[in-house]
Amino acid sequence: MHSDPGSGRIAGPDGGGSRVVIVMGVSGSGKSTVGAGLARFLGVPFLEGDVLHSASNRLKMASGHPLDDADRRPWLEAITVWIRTTASSGHGGVAACSALKRAYRDQFRHTGADVWFLYLALDREVAERRLTRRKGHFMPPELLDSQYATLDPLHADEPGVTIDINDSESPAEVLAAAVRAVSAPQR
Ligand SMILES: Nc1ncnc2c1ncn2[C@@H]1O[C@H](COP(=O)(O)OP(=O)(O)OP(=O)(O)O)[C@@H](O)[C@H]1O
Ligand SMILES: O=C(O)[C@H](O)[C@@H](O)[C@H](O)[C@H](O)CO
């Protein structure tokens with residue numbers, strides 16, 4: 001079972017090629033960077049989850065207030081629709097989405113699609129360093145406390161892999177680890 005570069009498919013355990021990879025983690029973990037690179041490498045569609053946030057959600061975060069479940073509900077629903085559509089179109093896809101809580105991830109899995117999580121795990125100090133350097137993004141580093149407080153890391157019984165990225169300094173290195181994880185025989 002493997003996923004070929006540029007093949008336009010991500011093979012899951014059934015070999016069907018319609019696996020949807022959710023690159024998850026707190027703000028600054030590199031979801032967008034790694035997710036876009038992975039999708040490009042595999043030749044599958046990429047969804048930047050942030051584009052599906054409402055203007056009011058973005059404004060709320062930009063003004064230093066964390067989202068709550070009610071704020072996230074329509075956003076998660078929009079991502080769920082994307083997952084369903086992508087899986088049913090017969091090819092795989094990659095989405096960058098924080099997916100901080102197990103309940104959110106379960107919602108994605110309840111679509112019945114072959115959803116698989118790539119969790120980018122990093123310490124708060126590393127995330128903060130990155131967010132402080134990043135320019136032109138609505139998410140302020142001040143929201144990291146709530147991101148970590150909300151985060152429920154990927155459980156052993158969920159489909160997917162955790163990559164510890166604290167010591168991987170370059171995006172290319174993390175992308176290579178992501179490609180290896182997605183390409184490995186997996187549950
Ligand atoms: N492996 C890496 N090493 C160093 N910096 C990185 C790495 N990956 C991403 N970055 C940088 O860290 C910042 C955060 O990355 P990115 O925007 O991809 O994270 P994110 O998880 O999508 O964040 P958000 O959820 O806030 O959108 C960016 O400025 C990016 O260029
Ligand atoms: O669930 C959340 O709190 C949000 O999705 C955040 O994670 C932001 O979208 C993202 O990190 C900023 O880009």
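Computed over heavy atoms, backbone and side chain alike; hydrogens, waters and symmetry mates excluded. Atoms within each ligand, like the ligands themselves, are counted from 1 in listed order. For this chain, numbers begin at 1 and follow the sequence in order.
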Can you report which non-hydrogen protein atom sits closest to [atom], along with the distance?
atom	value
atom 9 (O) of ligand 2	Asp50 OD1, 2.8 Å
atom 5 (O) of ligand 2	Ser98 OG, 3.0 Å
atom 11 (O) of ligand 2	Ser27 CB, 3.3 Å
atom 6 (C) of ligand 2	Gln147 NE2, 3.6 Å
atom 1 (O) of ligand 2	Arg72 NE, 2.7 Å

Of all the atoms in ligand 2, which lie at a distance below 4.0 Å from a heavy atom belonging to [X]?
X	result
Met139	12 (C)
His137	12 (C), 13 (O)
His53	4 (C), 5 (O), 9 (O)

Ala177, Pro171, Gly28, Ala172: member with heavy atom nearest to atom 1 (N) of ligand 1: Pro171

Pick, from Gly30, Gly35, Gly37, the option with the minimum heavy-atom distance to atom 19 (O) of ligand 1. Gly30

Taking only non-hydrogen atoms of Tyr104, do any sit less than 4.0 angstrom from ligand 2? no

For [X], take its heavy atoms, then give the atoms of ligand 1 lying under 4.0 Å from any of them.
X	result
Asp50	27 (O)
Thr33	9 (C), 15 (O), 16 (P), 18 (O), 30 (C)
His137	26 (O), 27 (O)
Val26	21 (O)
Val174	1 (N)

Which heavy atom of Val115 sits nearest a heavy atom of Pro159, and at what distance? O-CG, 3.4 Å

Does ligand 1 have an atom under 4.0 Å from some heavy atom of Ser29? yes

Does Ser170 reach ligand 1, in the sense of a heavy atom lying below 4.0 Å from it? yes

Looking at side-chain heavy atoms only, is the closest gap between [X] and [Y] below 4.5 Å?
X	Y	result
Tyr119	Val161	no
Leu175	Thr33	no
Cys97	Trp75	yes

Contacts of Asp152 meeting salt bridge (Lys or Arg N to Asp or Glu O under 4.0 Å) (sequence neighbours excluded), chain-then-number -> none

Joint cluster assignment, Leu59 & Val51, ILVMFWY side-chain distance < 4.5 Å: no

Is Met24 reachable from Val81 through a run of I, L, V, M, F, W or Y residues, each pair having side-chain heavy atoms under 4.5 Å apart? no

Between Arg124 and Asp145, does at least one N-O distance fall below 4.0 Å, as a salt bridge requires? yes

Salt bridge or not between Arg102 and Asp157? Use side-chain N to carboxylate O under 4.0 Å. yes

Quick one: does Asp123's side chain have a donor or acceptor within less than 3.5 Å of a partner on Glu125's backbone? no

Running the 4.5 Å side-chain criterion over Ile, Leu, Val, Met, Phe, Trp and Tyr, what cluster does Leu143 land in, apart from itself? Met61, Leu67, Phe138, Met139

